[in-house]
**Student:** 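Following this message is one structure expressed as structure tokens.
No hydrogens, no waters, no symmetry mates; every other heavy atom, side chains included, goes into these values. Fair warning: this is a prediction, and the values are worked out from it, not measured in the lab. Lettering follows sequence order; numbering is per chain, from 1.
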Protein chains: 2
Amino acid sequence: MKTRPYHHGDLRTALLTRAEQTLRDKGPAALSLRELARDIGVSHAAPSRHFKDKQALLDALALDGFDRFLGALTAARESGDAFADRLGAVARAYVGFATDNAALLELMYSAKHEPGASKELIACSQRLAALATGLVEEGQRRDEVRPGPVEDIMLPVMAAIHGFATLAANGTLPAEEVERGLGATIAFALRGCAA
Amino acid sequence: MKTRPYHHGDLRTALLTRAEQTLRDKGPAALSLRELARDIGVSHAAPSRHFKDKQALLDALALDGFDRFLGALTAARESGDAFADRLGAVARAYVGFATDNAALLELMYSAKHEPGASKELIACSQRLAALATGLVEEGQRRDEVRPGPVEDIMLPVMAAIHGFATLAANGTLPAEEVERGLGATIAFALRGCAA
DNA sequence: ACCTGAACACCGTTCAAGT
DNA sequence: ACCTGAACACCGTTCAAGT
């Protein structure tokens, strides 16, 4: 057997990993620092060496989620050449992440607009806005999206995708209707963008 | 001075009123049954006579919110005759409620998809869907909305309105940009619906 | 019928002390 | 540097007992 490193080794990572697991399995309400510490096998006070309080751990979790989320969206943005393909791929990536990480996404959005939201979290939010803006502008340059102020197009498109993603993720829309609804939402968005 | 009725009088109502106040002022995390009881001046065990547990109080709060929300939307649905006017009024009512009752709306949506969500809460959710469906169908009958399966139009429209409302309510979209963004979102939705 | 007081099993956070 | 143990001030929930 491997000898365990001094004390725990990497408690910080262990806490984050376990916390995300719990978030996924039992929801955000069931996330307790003391239980996390118990599960990992350290004292209840140990986490405070790595996270100054519970919110700091939640913020780290949210930041981690945003990184993966933005990674997925950025990759999707390069799918094909046409605006329609790129928008469709981004929408699918967005909704896919939302349904696969419902609790985490909720945490990401609530952490972001907490009073003392970290600069990194705000930066993530801006990167997301920049991605959407860039996508629409590119579509306009290709004459595949009608002209006019980008915000007036980008905002409704993101609202539709984000709104659909939350409806799909929280179960308002039954799982078996998600695929069709997503197709309809993408088609609807493209209609609204059409030149 | 008025003599106070036996014991408290109407503890149930007092709890709900105070809880909504706290929700509005300090957010859902700050909502504690014991503090509520303290503020009102009863023992910490008293609330249990009226709400079997904390979730029951939250459900009652959510139900109350849904009633007002549906009332506002139902009224808006009768604004003018044209589909464009009605959709615009519903969207404005939706976003208005969301920005005026951000924490409550969040509670309404999370209470609704809690494991043991009450029948009444689910019924509210269905009334909302029925309202949106009726609006679109009416537009189709008037030839102001393109033909096709209602769900394929209703769902994207609701996603856009709901998505915009959450972006506006949680501060992702700065308050001074809400009015313009709302106009753009309504215009975008109408474009997507156009016959 | 409605409420109280005490009790139980949890929390998050802090801080001296250990290794 | 990293963790422990005890302490503090909170929770939600339950239940006998009071009026």
**Student:** By nearest atom, which of the nucleotides C:dC15, D:dG12, C:dT13 is closest to the A:Asp53 side chain?
**Tutor:**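 Among C:dC15, D:dG12, C:dT13, the one nearest the side chain of A:Asp53 is C:dT13.
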**Student:** Can you tell me the distance, in whole Å, between the CG atom of B:Leu15 and the C1' atom of C:dC3?
**Tutor:**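 So the two atoms are 12 Å apart, to the nearest Å.
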**Student:** Does D:dG12 have its OP1 or OP2 closer than 4.0 Å to a side-chain nitrogen or oxygen of B:Ser48?
**Tutor:**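 Indeed not, no polar side-chain atom of B:Ser48 lies that close.
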**Student:** Do B:Phe66 and B:Glu120 have side chains that approach each other closer than 4.5 Å (heavy atoms only, starting at C-beta)?
**Tutor:**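 Answer no - side chains too far apart.
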**Student:** Atom NZ of A:Lys52 and atom P of C:dC15: how far apart are they, to the nearest Å?
**Tutor:**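 Result: 14 Å.
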**Student:** Starting the side chain at C-beta, find the nucleotide from D:dA7, D:dC11, D:dT13 nearest to B:Arg38.
**Tutor:**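 Of the options given, the side chain of B:Arg38 lies nearest D:dC11.
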**Student:** Does this structure show an ion pair linking A:Lys26 with A:Glu35, if we count only N-O contacts that are shorter than 4.0 Å?
**Tutor:**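 Salt bridge present between A:Lys26 and A:Glu35.
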**Student:** Roughly, in whole Å, what's the span from CZ in B:Phe51 to P in C:dC3?
**Tutor:**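 Distance, rounded to whole Å: 12 Å.
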**Student:** Output the rounded distance in Å from NZ (A:Lys54) to C1' (D:dC11).
**Tutor:**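 About 12 Å, once rounded to whole Å.
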**Student:** I need the CG-P distance between A:Leu57 and C:dT13, as an integer number of Å.
**Tutor:**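 Value for this atom pair: 10 Å.
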**Student:** Nearest 0.5 Å, please: how far is CD1 in B:Ile40 from CG in B:Leu36?
**Tutor:**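 Going from the CG atom of B:Leu36 to the CD1 atom of B:Ile40 covers 5.0 Å.
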**Student:** Checking base pairs now: Watson-Crick or wobble, both atom distances under 3.5 Å. What partners C:dC2?
**Tutor:**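 Because both required distances fall under 3.5 Å, C:dC2 counts as paired with D:dG18.
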**Student:** Any side-chain N or O of A:Ser32 less than 4.0 Å from the OP1 or OP2 oxygen of C:dC10?
**Tutor:**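 No, A:Ser32 has no side-chain N/O under 4.0 Å of OP1/OP2 on C:dC10.
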**Student:** Does the base of C:dT4 carry an N or O that pairs as donor and acceptor with the side chain of B:Arg49 under 3.5 Å?
**Tutor:**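 There is none.
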**Student:** Starting the side chain at C-beta, find the nucleotide from C:dT4, D:dC3, D:dT13 nearest to B:Ala46.
**Tutor:**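 The listed nucleotide nearest to B:Ala46's side chain is C:dT4.
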**Student:** Please pick, from D:dT4, C:dT13, C:dC3, the nucleotide with the shortest atom-to-atom distance to any side-chain atom of A:Val42.
**Tutor:**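 From the listed options, D:dT4 comes nearest.
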**Student:** If only side-chain N and O atoms of B:Ser43 are considered, is one of them under 4.0 Å from the OP1 or OP2 phosphate oxygen of C:dG5?
**Tutor:**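 No, B:Ser43 has no side-chain N/O under 4.0 Å of OP1/OP2 on C:dG5.
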**Student:** Rounded to whole Å, please give me the gap between CG in A:Leu36 and C1' in C:dC11.
**Tutor:**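 Going from A:Leu36 (CG) to C:dC11 (C1'), I get 13 Å.
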**Student:** Angle between ring planes, B:His162 versus B:Tyr94, binned at 30° and 60°: parallel, tilted or perpendicular?
**Tutor:**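 Perpendicular, since the angle between the ring planes exceeds 60°.
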**Student:** Identify whether any heavy atom of A:His50 sits under 4.0 Å from a base atom; if not, whether one sits that close to sugar-phosphate; answer base, sugar-phosphate or nothing.
**Tutor:**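 Touches sugar-phosphate only.
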**Student:** How close or far is atom C1' of C:dG12 from atom CZ of A:Arg34, stated in whole angstroms?
**Tutor:**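 Computing the A:Arg34:CZ to C:dG12:C1' distance gives 7 Å.
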**Student:** C:dC3 P sits how many Å from B:His44 NE2, rounded?
**Tutor:**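 Roughly 14 Å, once rounded to whole Å.
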**Student:** So A:Glu138 and A:Leu135, do their side chains get closer than 4.5 Å, heavy atoms only?
**Tutor:**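 A side-chain contact exists here, since the closest heavy-atom pair is under 4.5 Å.
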**Student:** Please name the nucleotide paired to D:dC8 by Watson-Crick or G-U wobble geometry with both distances under 3.5 Å, or report none.
**Tutor:**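 Matched D:dC8 with C:dG12 under the 3.5 Å cut-off.
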